[in-house]
Amino acid sequence: MDSKAYTAALAELRTLRDEIKKKQAEVAKLEAQRARRISALAAYEKAKADRIAPASGLSLAEVVAIAPTLAPGSLTAPAQTAPPTPAPEVSAEPAEEPPAAQAPAATPGVVAPSMTGGPQTATSAATVPPAPASAKTTSTPLTSAAIADPPSLSASPETPRVLPSLPEGPEGDRWVGHTANLASTRPNFTQQARSTAFLDTATGMLVYRDQTHHLELGSQSAADILQAVFHTIPEGVERIYITAGDPWHREAGRYPFLRDAVAAWLNAPVPGWRTDTGRGKDRMAGHFVHARHPVARFQCEGGEQHVEIRSVGEWFDPEGADATVIRDAFVLLWKALRAHWPDAVIMGSPSQTGRDLWTRTIPARGQFADGYPVLSEELRGLLHATAGQGRTELITPPDVPEQLPALVEYDRTFAYAKHTWKSPVGTPRRITAATFASWSSKEQTKALFGCGHWQVRVTVPDGWNHVGILPAPAPGERAWHYPRTPGTTFTTWAGGPEIYTALSNPLTPWKVEILDGLLWDDGKPLDDWSKKLKEAWASLSAQADLHGDPTHRQAAHLASRAVRSLLLYGIGSFAQRPRTVTGTTPRTAERDIPADAEIIGFDDDHVTWQRPTGFARDPNAHPEWAATIWSGARAALLSMRMRDDNTHVGALHAPPGTVVAFRTDAVYLTAPQNWPYHGQPGEYLYKGHLPGPLPAPTTEDELLALRDAGRHALHRTPTDGDA
């Protein structure tokens with residue numbers, strides 16, 4: 001092919017592209033018409049989804065997603081769930097220093113895994129990461145417990161989930177690398193601060209700088225809030241934090257799902273304002289529909305004024321504090337950060353702020369002066385599919401007694417800050433089963449102590465009577481469980497700290513066969529950032545404990561919680577999951593809805609939709625860092641050495657049958673343990689104790705109710721009312 005033929009072929013390809021777009025637009029238009037007709041049919045009192053589904057060519061779940069009122073008995077509220085909504089750049093929970101870095105070297109017979117299984121075949125795992133899920137589901141149910149990501153409607157509870165593998169041969173070699181011309185680099189600009197006001201919509205208290213006002217908010221609509229705020233502050237503000245009241249839930253009773261109520265609040269007309277379309281390189285334009293912490297973004301018509309309305313709950317639980325105290329907490333937070341970053345600016349969310357602060361710790365000289373390169377999209381997809389987050393598990397009878405003698409909570413303090421001292425850097429090496437088997441016991445131990453992500457075949461040993469150690473894929477998108485039945489064999493991915501814990505736990509070594517893996521060099525890309533945040537946290541925590549003014553103590557406590565969120569959500573943002581964009585379109589312009597969008601709600605005026613957009617070209621995407629921290633955190637929940645006290649703590653050091661639940665960085669037991677605590681990151685804080693006998697919880701709501709009662713019971717004193 002010569003240059004002329006090449007140019008002609010490109011022209012033909014463009015013509016084909018345009019034809020495809022036209023056809024896709026036609027299909028999208030037809031699907032929008034179908035959705036409208038389904039909605040019209042749903043208004044008939046005797047309409048049934050099981051008759052409309054075959055007539056429309058959709059599944060029952062898809063029909064219910066369009067018209068929730070058609071939900072049959074088998075799709076009641078618990079089943080009408082939504083795919084995980086893109087939480088405000090959140091993803092994780094705190095953790096601890098990897099046991100692999102602390103524990104003494106194990107004997108060769110314990111650390112060296114059995115290699116009898118050999119490499120995993122293509123029949124036991126997929127060869128490519130699964131595409132982002134796009135199952136047709138409905139919005140978050142209107143319940144107080146609608147805070148977790150429920151399973152997709154399309155997933156069968158009995159269908160096992162198979163994790164992907166690295167492809168064999170040249171294709172796998174191509175995966176093990178970085179994305180060209182994409183790296184995390186130190187910014188060469190100063191972040192601009194935005195004027196901020198704090199508004200309690202329940203009481204009408206508005207705090208702006210050192211001024212306090214009381215507003216009449218009418219119906220608490222976005223229009224009423226903006227009118228009242230800008231009338232009171234003529235010069236305008238750029239960010240309004242809602243400290244209490246949740247105005248986006250004001251008419252929740254009219255809607256079957258919270259997200260529908262939020263979308264309606266966001267999309268209600270606001271005279272003089274329109275939805276913000278962004279400015280400069282701002283990619284956060286448009287409203288963000290979230291059941292608990294939405295973000296409304298408006299731009300003044302005919303002017304340059306931009307404003308966003310957010311929930312302060314993104315940063316911390318206000319715990320009943322008024323708007324003045326919350327404003328003081330942000331001032332204290334800013335001062336604590338400025339002690340370490342002279343150019344620190346508090347941005348809209350903790351994940352944005354945390355990651356911005358991290359970029360300002362990227363070294364200007366040395367090995368990574370040109371930045372930390374971003375992994376290939378294939379490896380990022382593999383890590384997304386195979387690296388779980390915090391461990392959440394409820395153990396029910398008969399594995400625990402029907403009547404618990406007590407429920408005792410141990411919560412790890414600022415836990416993830418303990419696991420940032422070492423992270424993977426550079427180009428990973430692929431370690432096959434044969435390569436790992438050829439190494440000496442010392443080399444194998446060193447590899448497991450390093451920064452790696454391993455595909456393993458695991459067998460629970462005979463006679464095992466304690467909790468599970470390694471996560472295994474469970475039915476449902478990104479769901480995990482922890483097998484503990486003796487003789488159970490499963491294939492999974494895990495980090496070195498967890499595998500080391502399985503091989504050298506204080507009870508019985510597990511059989512672990514290395515099938516494949518990725519091994520990075522050890523580095524410290526997060527260490528400086530984490531140390532500065534830990535120092536800010538320690539300073540604010542000391543003020544919360546020792547300051548003479550109770551109002552200042554409360555503000556300092558909230559500020560310390562905000563620092564925790566900076567690290568927690570900053571780490572979660574490194575994971576960079578495939579993005580899901582949520583949008584709203586007027587009913588009169590439904591043809592503008594993207595062809596691959598999923599309709600998740602609508603009213604008389606607007607349609608709310610979402611669509612997966614895959615992995616963004618994000619220069620700060622480092623899922624390998626998040627995966628390493630999460631693995632260390634899960635391992636520390638089971639076993640962690642406290643060097644200064646020369647003792648081990650964690651669930652595996654409690655008697656069998658006494659572990660009731662895990663919740664990310666907390667473990668719930670039936671009896672107190674003699675675990676030392678010095679107030680340092682990662683240590684187990686004795687946080688709650690509810691004496692029994694009491695019924696063993698069988699649901700998350702029951703566990704949380706007992707947890708709250710246990711915290712109150714432990715800290716109740718004769719002067720509790722004055723505390």
_For a quick check under 3.5 Å, do Thr435 and Ser438 share a side-chain donor-acceptor pair by atom type?_
no

*Answer yes if the side chains of Tyr668 and Glu409 hold a donor-acceptor pair under 3.5 Å, and no otherwise.*
yes

*Donor-acceptor contact below 3.5 Å, side chain Ser565 vs main chain Arg561*: yes

*Check against side-chain contact (heavy atoms from CB on, under 4.5 Å), Ile431 and Trp439*: CA-CA 11 Å; Ile431 309 299; Trp439 288 349; 3.7 Å; yes

*First locate atom NZ of Lys524, then atom OG of Ser423, and finally report the distance between them rounded to the nearest 0.5 Å.*
8.5 Å

*asked:* Trp493 vs His453, test: side-chain contact (heavy atoms from CB on, under 4.5 Å). Steps then yes/no.
replied: CA-CA 7 Å; Trp493 286 81; His453 190 55; 3.3 Å; yes

*Can you check whether Arg643's main-chain N or O pairs, donor with acceptor, with Asn646's side chain at less than 3.5 Å?*
no

*Report yes if the side chains of Glu535 and His340 come closer than 4.5 Å at any heavy-atom pair, otherwise no.*
yes

*asked:* Does either side chain, that of Ser165 or that of Gln455, offer a donor lying less than 3.5 Å from an acceptor on the other one?
replied: yes

_Does either side chain, that of Ser530 or that of Thr420, offer a donor lying less than 3.5 Å from an acceptor on the other one?_
yes

*Assess the side chains of Glu624 and Thr628: does a donor N or O sit below 3.5 Å from an acceptor N or O?*
no

_Crowding at NZ, Lys531 (>12 non-hydrogen neighbours, <6.0 Å)_ = no

*Going by distance alone, is a donor N or O of one side chain under 3.5 Å from an acceptor N or O of the other, for Thr445 and Tyr500?*
no

*Would you mind reporting whether Thr664 and Thr392 have side-chain heavy atoms less than 4.5 Å apart?*
yes

*Could you check Thr491 against Leu163 for side-chain contact (heavy atoms from CB on, under 4.5 Å), going step by step and ending with a plain yes or no?*
CA-CA 8 Å; Thr491 299; Leu163 298 179; over 6 Å; no

*Is there side-chain contact between Glu402 and Pro695, with at least one heavy-atom pair below 4.5 Å?*
no

*Write down the atom of Pro509, the atom of Leu503, and the distance for their closest heavy-atom approach.*
CB-O, 3.4 Å

*If every non-hydrogen atom of Ala562 is compared with every non-hydrogen atom of Phe316, which pair is closest and at what distance?*
CB-CD2, 3.9 Å

*Report yes if the side chains of Val460 and Trp510 come closer than 4.5 Å at any heavy-atom pair, otherwise no.*
yes

*asked:* Strictly distance-based, threshold 3.5 Å: is any side-chain N or O of Asp645 a donor or acceptor partner for the main-chain N or O of Thr647?
replied: no

_Beyond-backbone contact of Pro506 with His648, side-chain heavy atoms, under 4.5 angstrom_ = no

*Just how far is it from atom OG1 of Thr492 to atom CZ of Arg161, taken to the nearest 0.5 Å?*
8.5 Å

*Looking at the rings of Tyr686 and Tyr410, which for Trp means the six-membered one, are their centres under 6.0 Å apart?*
yes

*Any chance you could lay out the salt bridge (charged side-chain N to carboxylate O under 4.0 Å, His left out) test for Glu700 and Arg663, step after step, and finish with the verdict?*
CA-CA 10 Å; Glu700 183 181 35; Arg663 280 185 61 80; 2.6 Å; yes

*For the residue pair Tyr372 and Trp358, categorise the inter-ring angle as parallel (less than 30°), tilted (30 to 60°) or perpendicular (more than 60°).*
tilted

*Which of these passes ring-ring contact (aromatic ring centres under 6.0 Å, His included) with Trp625: Trp520, Trp529, Phe574?*
Phe574

*Thr361 and Trp341: which non-hydrogen atoms are nearest, and at how many Å?*
CG2-NE1, 3.5 Å

*Minimal non-hydrogen separation, Leu706 against Pro697, with atom names*: CD1-CD, 3.9 Å

_Straight-line distance of Leu382 CG to Leu518 CG, nearest 0.5 Å_ = 6.5 Å

_With a 4.0 Å cut-off on N to O distance, would you call Arg430 and Asp516 a salt bridge?_
yes

*asked:* Looking at every heavy atom in both Leu375 and Pro428, which two are closest together, and how far apart are they?
replied: CD2-CD, 4.1 Å

*How long is the span from the CG atom in Leu558 to the CG atom in Leu333, to the nearest 0.5 Å?*
10.5 Å

_From CA spacing to verdict: side chain to side chain donor-acceptor pair (under 3.5 Å), Thr670, Thr658_ = CA-CA 5 Å; Thr670 60; Thr658 63; 4.7 Å; no

*Step by step, would you call Arg292 with Glu314 a salt bridge (charged side-chain N to carboxylate O under 4.0 Å, His left out)?*
CA-CA 9 Å; Arg292 294 160 294 157; Glu314 295 180 66; over 6 Å; no

*asked:* Ignoring hydrogens, what is the shortest heavy-atom contact between Leu714 and His689? Give both atom names and the distance.
replied: CB-N, 3.8 Å

*asked:* Nearest 0.5 angstrom please: Ile499 CD1 to Phe449 CZ, how far?
replied: 12.5 Å

*With a 4.5 Å heavy-atom cut-off, do Asn620 and Thr359 have their side chains touching?*
yes

*Give the intermediate values and the outcome of side chain to side chain donor-acceptor pair (under 3.5 Å) for residues Thr698 and Glu702.*
CA-CA 7 Å; Thr698 57; Glu702 292 177 0; 3.1 Å; yes

*asked:* Which label fits His466 and Trp464: parallel for a plane angle under 30°, tilted from 30 to 60°, or perpendicular past 60°?
replied: tilted

_Note: Asp399-Arg484 ion pair, threshold 4.0 Å (strictly below)_ = yes

*Has Arg391 got its NZ or CZ under 6.0 Å from the middle of the six-membered ring of Phe662, at an angle within 45 degrees of the ring axis?*
yes

*If you measure from the Lys or Arg side-chain nitrogens to the Asp or Glu carboxylate oxygens, is any gap between Asp528 and Arg360 under 4.0 Å?*
no

_Neighbour count >12 (heavy atoms, 6.0 Å) for atom CG, Asn674_ = no

*Say whether Ser376 and His178, considering side chains only, have a donor N or O and an acceptor N or O under 3.5 Å apart.*
no

*Audit row: Thr353, Tyr569, side chain to side chain donor-acceptor pair (under 3.5 Å) steps and yes/no*: CA-CA 9 Å; Thr353 310; Tyr569 297 138; over 6 Å; no

*Start with the C-alpha distance between Asp644 and His678, add both sets of side-chain angles, then the distance that settles side chain to side chain donor-acceptor pair (under 3.5 Å), and finish with yes or no.*
CA-CA 10 Å; Asp644 293 342; His678 310 291; over 6 Å; no

*What distance do Gln352 atom CD and Leu357 atom CG have between them, rounded to the nearest 0.5 Å?*
11.5 Å

*Starting from the C-alpha separation in whole Å, work towards a yes-or-no answer on side-chain contact (heavy atoms from CB on, under 4.5 Å) for Thr459 and Thr488.*
CA-CA 6 Å; Thr459 301; Thr488 300; over 6 Å; no

*Checking Ser573 side chain against Gly570 main chain: does a donor-acceptor pair fall under 3.5 Å?*
yes

*Going by heavy atoms in the side chains, are Pro676 and Val649 under 4.5 Å from each other?*
yes

*asked:* Regarding Glu498 and Thr501, do their side chains bring together a donor and an acceptor under 3.5 Å, going by distance alone?
replied: no

*Should Pro318 and Val312 count as side-chain neighbours, where that means a heavy-atom distance under 4.5 Å?*
yes

